[in-house]
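Structure, as structure tokens:
Only heavy atoms go into these numbers, but all of them, side chains included; no hydrogens, no water, no symmetry mates. Being a predicted model, the structure only gives us computed values, none of them experimental.
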Number of protein chains: 2
Amino acid sequence: MFKKVIVSDDLTSINLGMLTVLDGLQISNVTSVQYCDDAHLRIQKAAQDGEPFELFITDLSFKKDHREQKYQGGEDLIQELHLKYPDLKIMVYSIEDRIQAVKRLLNEFGIKGYVCKGRRGLIDLHKGILAVHNDEIYVSDGVAQALHKKANLEIDDYDILLLKHVSLGMSQDQISQLCKDKNMSPNSLSSIEKRLNKLRIQFKAKNAIHLVAIVKDLGLI
Amino acid sequence: MFKKVIVSDDLTSINLGMLTVLDGLQISNVTSVQYCDDAHLRIQKAAQDGEPFELFITDLSFKKDHREQKYQGGEDLIQELHLKYPDLKIMVYSIEDRIQAVKRLLNEFGIKGYVCKGRRGLIDLHKGILAVHNDEIYVSDGVAQALHKKANLEIDDYDILLLKHVSLGMSQDQISQLCKDKNMSPNSLSSIEKRLNKLRIQFKAKNAIHLVAIVKDLGLI
DNA sequence: CATGCCTTTACGGGAAACAGTAAGGAAGTA
DNA sequence: TACTTCCTTACTGTTTCCCGTAAAGGCATG
């Protein structure tokens with residue numbers, strides 16, 4: 001089993017819950033922090049000392065408070081850790097169940113496990129740690145299904161980008177210009193209209209405003 | 001101090017955290033549930049038995065799972081409890097920090113306290129329970145400031161109604177018709193345009209889509 | 001090479017949103 | 001009453017969105 005683990009969540013209760021699970025797995029060398037920056041420092045220090053952590057479990061969203069933070073959330077930190085410490089296994093324990101976000105974490109940021117907080121959260125976390133230690137990729141039930149089923153709900157990054165910019169008040173014309181400037185593939189006004197139209201149909205939205213409202217509710221943007 | 005308390009949150013860890021706080025306040029008769037429907041049942045039962053709960057602490061958002069639920073979230077339940085059991089004091093313990101949502105809970109649903117989950121969450125909860133027991137209204141720090149500052153941002157119910165309908169995909173023309181049907185005061189297309197324009201300026205939005213995105217982020221709708 | 005399929009792009013017409021101006025009406029004040 | 005002020009409403013362009021059609025390009029298959 002893992003010998004040295006660090007967990008990070010801003011809520012004390014959650015931290016305690018994770019510690020309980022680790023305790024149940026006979027892992028005694030556990031560090032717990034409440035800020036992403038602290039997690040980074042500890043991981044850095046441990047690596048420098050030649051006694052690196054083997055597993056890092058973190059939440060995604062952290063409340064801002066008086067302390068100025070370099071890393072605004074788990075995702076920022078994970079992105080950097082993945083590059084600097086490829087041997088460190090990273091798991092995410094979060095309430096977030098938006099498929100797209102999870103997909104990105106798994107595919108681009110190389111996390112080894114994703115456990116969704118919920119009524120069975122700690123049980124899943126237990127199972128997840130065992131699986132990850134066994135060199136498997138673990139994704140807790142609800143999300144796993146969604147990942148497989150709706151994996152290609154055919155909403156890709158381009159769509160998200162589009163929706164994002166639309167929600168920020170850019171006209172379709174402006175977005176077209178932007179895409180041209182960035183040398184992105186479909187960049188004509190017409191294509192952007194088509195895409196948004198497709199999204200409107202998919203989400204059963206009456207118009208662009210409705211569409212943005214819907215995808216915001218879904219947490220897509 | 002309160003004798004009989006019920007707490008509701010879908011996350012085990014959070015429930016445990018709340019129990020710890022209550023324990024620290026020497027409250028021994030505590031019920032803890034993980035579903036809104038269960039909370040409702042227990043409260044109903046206790047009232048029927050002539051031994052009602054004095055305090056109800058609940059989260060706002062609950063994950064959906066296999067169990068079919070009548071109450072989708074804390075807000076639904078609170079709304080009903082406020083009417084049926086006016087003597088029951090209700091506190092909310094949630095991660096949510098959108099001002100408008102909190103305001104509605106306080107003003108319309110008569111909650112006695114609002115504690116924002118966070119690094120100091122349990123400490124605030126402790127203070128909150130003491131305050132509420134003392135017949136005060138308690139709102140934890142961060143949110144309290146925001147409440148006082150932006151209280152009169154001069155957004156009235158009519159504006160909210162407008163924004164709501166716009167976000168649901170109705171055209172300004174349709175909204176105009178709707179207002180006429182309901183005999184609501186400013187109901188001309190022109191007035192609605194003007195109102196929305198005013199709102200756009202207030203929120204520094206580039207267009208209606210942007211406006212809806214902004215007010216959704218603020219929790220206004 | 002030809003064919004069909006799909007995506008991107010272009011264009012046009014109608015609807016809605018956006019912006020500005022002006023007229024009408026209610027309420028308050030001198 | 002006369003005046004101001006604020007709100008509602010009406011009207012008129014201009015821009016953007018929405019929707020359909022169609023042409024042009026890539027790409028695989030026969």
Side-chain angles (χ1 to χ4, degrees), chain A residues 100 151-218 220-221, chain B residues 152-218 220-221:
Chain A
Q100 206 65 23
N152 29 8
L153 201 130
E154 295 172 16
I155 311 280
D156 58 24
D157 292 344
Y158 183 80
D159 292 317
I160 303 288
L161 188 86
L162 231 54
L163 290 167
K164 191 73 195 167
H165 284 111
V166 168
S167 80
L168 291 175
M170 291 180 69
S171 74
Q172 300 178 2
D173 202 20
Q174 288 174 319
I175 298 176
S176 163
Q177 288 304 322
L178 186 102
C179 287
K180 282 171 184 163
D181 292 348
K182 287 191 179 180
N183 281 336
M184 299 183 60
S185 60
N187 56 35
S188 74
L189 175 60
S190 201
S191 290
I192 289 168
E193 281 180 4
K194 277 229 182 323
R195 282 274 191 156
L196 285 174
N197 185 46
K198 192 196 69 182
L199 289 169
R200 268 205 306 279
I201 294 168
Q202 270 185 42
F203 288 105
K204 305 193 210 313
K206 298 201 184 76
N207 56 33
I209 300 179
H210 194 193
L211 175 63
V212 166
I214 290 173
V215 298
K216 271 196 106 59
D217 281 339
L218 289 176
L220 235 64
I221 56 174
Chain B
N152 39 2
L153 214 129
E154 295 176 16
I155 310 284
D156 60 23
D157 292 345
Y158 184 80
D159 292 318
I160 303 288
L161 187 88
L162 232 55
L163 290 168
K164 191 71 194 169
H165 285 109
V166 168
S167 81
L168 291 175
M170 291 179 69
S171 74
Q172 299 178 0
D173 202 20
Q174 288 174 318
I175 298 176
S176 163
Q177 288 303 323
L178 186 103
C179 287
K180 281 171 186 162
D181 292 348
K182 288 193 179 178
N183 282 336
M184 300 183 60
S185 60
N187 56 34
S188 72
L189 176 60
S190 201
S191 290
I192 289 169
E193 283 180 1
K194 280 235 182 314
R195 281 274 191 158
L196 286 173
N197 186 45
K198 191 196 70 181
L199 290 169
R200 270 206 306 280
I201 294 169
Q202 269 185 44
F203 288 105
K204 305 192 211 314
K206 298 200 184 76
N207 56 32
I209 300 178
H210 194 194
L211 175 63
V212 166
I214 290 173
V215 297
K216 270 194 110 52
D217 280 339
L218 289 176
L220 234 65
I221 58 174

* Quick one: how far along DNA chain C does chain A reach, first to last nucleotide 5' to 3', anything under 4.0 Å to a heavy atom? ->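 Reading along DNA chain C, I get C:dT8 to C:dC11.
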* In this structure, which one of B:Gln172, B:Met170, B:Gln177 forms a side chain to side chain contact (heavy atoms under 4.5 Å, CB included) with B:Gln174? -> B:Met170
* **Passing option when B:Val215 is tested against B:Leu220, B:Ile160, B:Val166, B:Leu199 for side chain to side chain contact (heavy atoms under 4.5 Å, CB included)** => B:Leu220
* Asked: Would you find a donor on one side and an acceptor on the other, under 3.5 Å apart, between the side chain of A:Asp159 and the backbone of A:Asp156?
  ->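 Looks like yes, one N/O pair under 3.5 Å.
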[X] [atom1] to [N] [atom2]: how many Å, rounded?
X        : N      : atom1 : atom2 : result
A:Met170 : D:dT15 : CE    : P     : 19 Å
A:Leu189 : D:dT16 : CG    : P     : 10 Å
A:Leu162 : D:dC17 : CG    : P     : 11 Å
B:Leu196 : D:dT9  : CG    : C1'   : 16 Å
A:Lys198 : D:dC17 : NZ    : C1'   : 19 Å
A:Ile201 : D:dC18 : CD1   : P     : 12 Å

* **Donor/acceptor link under 3.5 angstrom from A:Glu193 side chain onto base of D:dC17** =>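 No.
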* To do: Would you give the length of the straight line joining atom CG of B:Leu163 to atom CG of B:Leu168, rounded to the nearest 0.5 angstrom?
  =>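 If we round to the nearest 0.5 Å, B:Leu163:CG and B:Leu168:CG are 11.0 Å apart.
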* Asked: Rounded to the nearest 0.5 Å, how far apart are CG of A:Asn207 and OG of B:Ser171?
  -> 8.5 Å
* Asked: Can you name the residues that form a side chain to side chain contact (heavy atoms under 4.5 Å, CB included) with A:Ala208, not counting sequence neighbours?
  ->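 Partners of A:Ala208 under the side chain to side chain contact (heavy atoms under 4.5 Å, CB included) test: B:Ile209.
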Using a cut-off of strictly less than 4.0 Å, decide whether [X] has a side-chain nitrogen or oxygen near OP1 or OP2 of [N].
X        : N      : value
B:Ser188 : D:dT8  : no
B:Asn207 : D:dT16 : no
A:Asn197 : D:dC19 : yes

* Asked: Counting any heavy atom closer than 4.0 Å, what does B:Gln172 reach on the DNA or RNA strands: base, sugar-phosphate only, or nothing?
  -> sugar-phosphate
Listing, residues 180-190 of chain B side-chain donor-acceptor contacts under 3.5 Å, not counting sequence neighbours, or none:
from     : atom 1 : to       : atom 2 : distance (Å)
B:Asn187 : ND2    : B:Met184 : O      : 3.3
B:Ser188 : OG     : B:Ser191 : N      : 3.0
B:Ser188 : OG     : B:Ser191 : OG     : 3.1

* Asked: Choosing from D:dC17, D:dC19, D:dT9, which nucleotide comes nearest the side chain of B:Ser190?
  ->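 My answer, after comparing the listed nucleotides, is D:dT9.
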* Where each residue is assigned the nucleotide of DNA chain D containing its nearest heavy atom, which of A:Ser171 and B:Lys180 is assigned the position nearer the 5′ end? ->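 The answer here is B:Lys180.
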* **Residue closer to the 5' end of DNA chain D, A:Asp173 versus A:Lys194 (nearest nucleotide)** => A:Asp173
